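Beneath this line is the structure, given in structure tokens, with notes to follow.
Proteins come first, then strands; the chains are lettered A, B, ... in the order of their sequence lines, and each starts at number 1. All values below were derived from every heavy atom in this structure, side-chain atoms included, with hydrogens, water molecules and symmetry-related copies excluded. Remember, predicted model here, so these are calculated numbers, not experimental data.
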Amino acid sequence: MNLAPNLGTAEPGTPATTSLVSAVNLAKQFHGRKVLDGVDFDVAAGEVSVIIGKSGSGKSTLLRVIAGLEDPEEGDVTIDGVLVRSGGARTADWNHGAAKVGMVFQSYNLWPHMNVLDNLILAPRKILGLSAGEAEARAEKALAEVGMAEHIRSRSTQLSGGERQRVAIARALMMRPQVLLCDEITSALDPPVAAEVLGVLARLKQEEGLAVVLVTHDMAFASKAADRVIFFSNGRIAVDATPDEAFHHCENAELKAFVDAVRID
Amino acid sequence: MSEQDFDWGAVANAWPHLLSGLGVTLQIAAITIVLSMILAVPVAVARMSAIEIVRWVAQLYIEIFRCTPMLVQLFWIYYALPALTGITIPGFASAVIALTANLTAFMAEAYRSGFQAVPVEQIEAGKMLRLSRFQQLRHIIVPQALRQQIPVILSLNISMFKDTALVSTIAVHDLMFQANTAATETYRSLEFFTTAAAVYFCIAFPVSLLTSYFERRGQLARTGRAPIIKPRKPELTGVKP
Ligand SMILES: Nc1ncnc2c1ncn2[C@@H]1O[C@H](COP(=O)(O)OP(=O)(O)O)[C@@H](O)[C@H]1O
Ligand SMILES: [Mg+2]
């Protein structure tokens, strides 16, 4: 794993050639305010990156730009070696990149009028052209991976928050992404349930080699399971380091203050 | 006049005509409802379009049909449109066109508020799974909007069903036309119009009951309870004044 520590700076350049996702100089404004201010960000295959930072610092916007839910004004994005965004705009190869990226949200966003199975198989059937049998077999496997196999026929509205989030992860896995973007996916869950959901992500990384980018306030998970910790501040990456370096040896005062504040909570 | 007896025999004699009229009424209503429920989808989508001119045209269409009388719309299509285009449209077709155009406008507004009630995050989840705009509509937005708007859709359909009586004025042989004809021929207005009212009522009333049922169910769902539960008896809720 390529983890050259880059303490306290956000210097552009040196994106690893093995990067699964590589974003260069992303810039995004809302109402004239720079929410992403020249962000360079890359994700290696099979790596777990945890993004931390104050609310409003631009973490969600970074994920949403990579996911294609927002368009930036500036920036290039390469996914799996293919340039999918150039000078802010999508290239003709956009779909190539989109196929590798999955996303899970804080509010689960299951479709409440469908049962769990139908939530999972809709896109694989319509987009990947899987038969009903193939899609269902894949759904059984995905649900088993997140520990929800027995809920395949449940209505999503009958599930608890933690169960819904695990189904949402399974739904994203159905499209076989190589990187899963997770935006505060445990913020609405009780700590033990949150730990369970994050445990699913750690196992997916171990067993499936799935790369995970996780925005979270869960410092315990960050120091235990992350390969990298990225501290976001005012639309920039202020620190990009291993958990040990970020939490114990970092001189960035802002990060120190942030970590202390979160620990006290 | 007022002391004459009811003569239900006249109604019995004319019953085959009334039944055939009811058949025409139901046909017009059924075709209109099916067409409007489909056509309202693109109109509602256009009404919410990001392109200003598309949004504007859809809104103009909706407002024209909402703000002019149904009877005028019917006459306009039956009498005025042929004058404009030189093509005569038969009564039945004119009726279906006018009623459909009218109901589609109202239905589109119901759909629109249903569409807007679907959380944008659910649509983003669909985008992340690479569903196309059409697939998002077809599988995520429309089914939920329909469910949410069932009471509104049902009451629009009831109104339209009653409004079909207007088509008797353009010589369509619907229930109202047959009742009116028989009443004129037999001088039995009271019997025939009472019968006609009863027939319309027998069809509309069950739908109206269904509307109230869905409204109650919707209220329960909105107050955070599982959608399919019976309303609790107030005395059992434990709320004390
Ligand atoms: N769609 C939007 N429209 C306007 N402002 C937005 C939008 N999305 C985010 N913002 C603003 O951008 C800033 C960064 O938001 P966000 O990326 O959600 O931060 P974070 O996830 O770190 O809390 C916030 O000030 C937020 O209000
Ligand atoms: Mg956020």
By a 4.5 Å heavy-atom criterion (distance strictly below it), what part of A:Met174 contacts chain B: side chain, backbone, both, or neither?
-> neither
A:Trp111 six-ring centre to A:Arg171 NZ/CZ under 6.0 Å and within 45° of normal = yes
Most contacts with chain B, counted as non-hydrogen pairs under 4.5 angstrom, among A:Ala98, A:Ser107, A:Ala99, A:Ala172 = A:Ala99
What residue in A:Pro112, A:Gly102, A:Ala168, A:Gly68 has the most heavy-atom pairs under 4.5 Å with chain B?
-> A:Pro112
Is chain A contacted by the side chain of B:Gln135, its backbone, both, or neither, given a heavy-atom distance below 4.5 Å?
-> side chain
Taking NZ, NE, NH1 and NH2 as the nitrogens, is one of them in A:Arg138 or A:Glu134 under 4.0 Å from a carboxylate oxygen of the other?
-> no
Proximity breakdown for A:Leu181 and chain B, heavy-atom pairs closer than 4.5 Å | neither
Using a distance-only test with no angle check, is there a side-chain donor-acceptor pair under 3.5 angstrom linking A:Ser187 and A:Gln106?
-> no
Under 4.5 Å heavy-atom distance to chain B, tell me which part of A:Val101 shows up: side chain, backbone, both or neither.
-> both
Parallel, tilted or perpendicular, as decided by the 30° and 60° cut-offs, for the rings of B:Phe177 and B:His173 = parallel
Going by an N to O cut-off under 4.0 Å, is there a salt bridge joining A:Arg203 and A:Glu196?
-> no
